[in-house]
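Following: one structure in structure tokens, then a few remarks.
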Amino acid sequence: MAKYLYLLFSLLIVHQVSSSHQHHHHHHHLKSLHFSLYQHETINKTGFIIVQPVTGHTGISQTTTPFGTIFVFNDKMTTTTSATSRVAGIAEGFSVTSSLDGLRSVSAAKITLNVEGHEGSISVLGGTHNTKPSDHPVVGGTGDFMFVGGYVRSSPVSLTGVTVVYKIEFYLYWPPYAPSVGHKGVS
Ligand SMILES: *[C@@H]1O[C@H](CO)[C@@H](O)[C@H](O)[C@H]1NC(C)=O
């Protein structure tokens with residue numbers, strides 16, 4: 001009888017350990033989010049040249065700025081190409097023209113987001129080509145995007161007129177150690 005009870009007790013312990021392991025495992029799958037927004041930038045309204053270049057290798061055009069130019073922006077990101085569609089993000093940052101032909105720059109931005117029930121921000125840092133798609137690594141996030149990695153792909157949609165539009169594709173991944181849903185950091 002005592003031997004039987006001991007066996008039963010051992011089985012109960014084994015069962016509890018394995019079910020708590022399953023529970024633990026269940027919450028640690030990799031979470032990801034893919035979506036696109038449209039960034040609208042209007043020269044002298046949401047984007048400004050604040051530092052003129054030291055030497056002008058190229059002139060200013062719709063797609064080029066001279067080497068060394070520093071540009072700041074605070075642009076709305078909407079859900080469609082229309083500027084009047086829902087604003088789901090704000091991109092705040094700066095870029096420095098880094099190629100001698102004036103076509104490339106290095107940019108840093110904080111993108112505040114409210115998408116698919118997720119609120120917070122991501123920070124991106126990388127090279128931008130003015131006329132071709134460019135990938136910017138995500139260096140981190142806040143709020144629901146705490147510890148997020150991945151990249152954003154920026155592609156020009158419309159480069160004519162005073163307002164330029166870029167399509168921004170987000171490829172975001174949460175690591176297993178990111179806080180679970182419900183935890184809110186400060187963004
Ligand atoms: C933006 O402002 C600068 C400085 O006032 C001016 O030189 C430039 O022509 C303006 N650009 C446009 C497209 O209005």
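FYI, side chains are in, hydrogens and waters are out, and symmetry mates aren't considered; it's all heavy atoms of this structure. Order of appearance sets the numbers: ligands from 1, and atoms from 1 within every ligand.
Arg86 pairs by the salt bridge (charged side-chain N to carboxylate O under 4.0 Å, His left out) definition with nothing, not counting sequence neighbours. Thr131 pairs by the side-chain hydrogen bond (donor to acceptor under 3.5 Å, both in side chains) definition with His129, not counting sequence neighbours.
Annotation: atom 5 (O) of ligand 1 to nearest protein heavy atom, Asn44 ND2, 4.7 Å. Of the protein's non-hydrogen atoms, Ile43 CG2, 3.3 Å is the one closest to atom 13 (C) of ligand 1.
For Phe94, the CZ atom sits in a loose shell: 12 or fewer heavy atoms of surrounding residues, nucleotides or ligands are nearer than 6.0 Å.
Protein heavy atoms are found inside the 4.0 Å sphere centred on atom 2 (O) of ligand 1. Protein heavy atoms all stay at least 4.0 Å away from atom 7 (O) of ligand 1.
Between the OG1 atom of Thr63 and the CG atom of Leu103 there is a distance of 6.0 Å, given to the nearest 0.5 Å.
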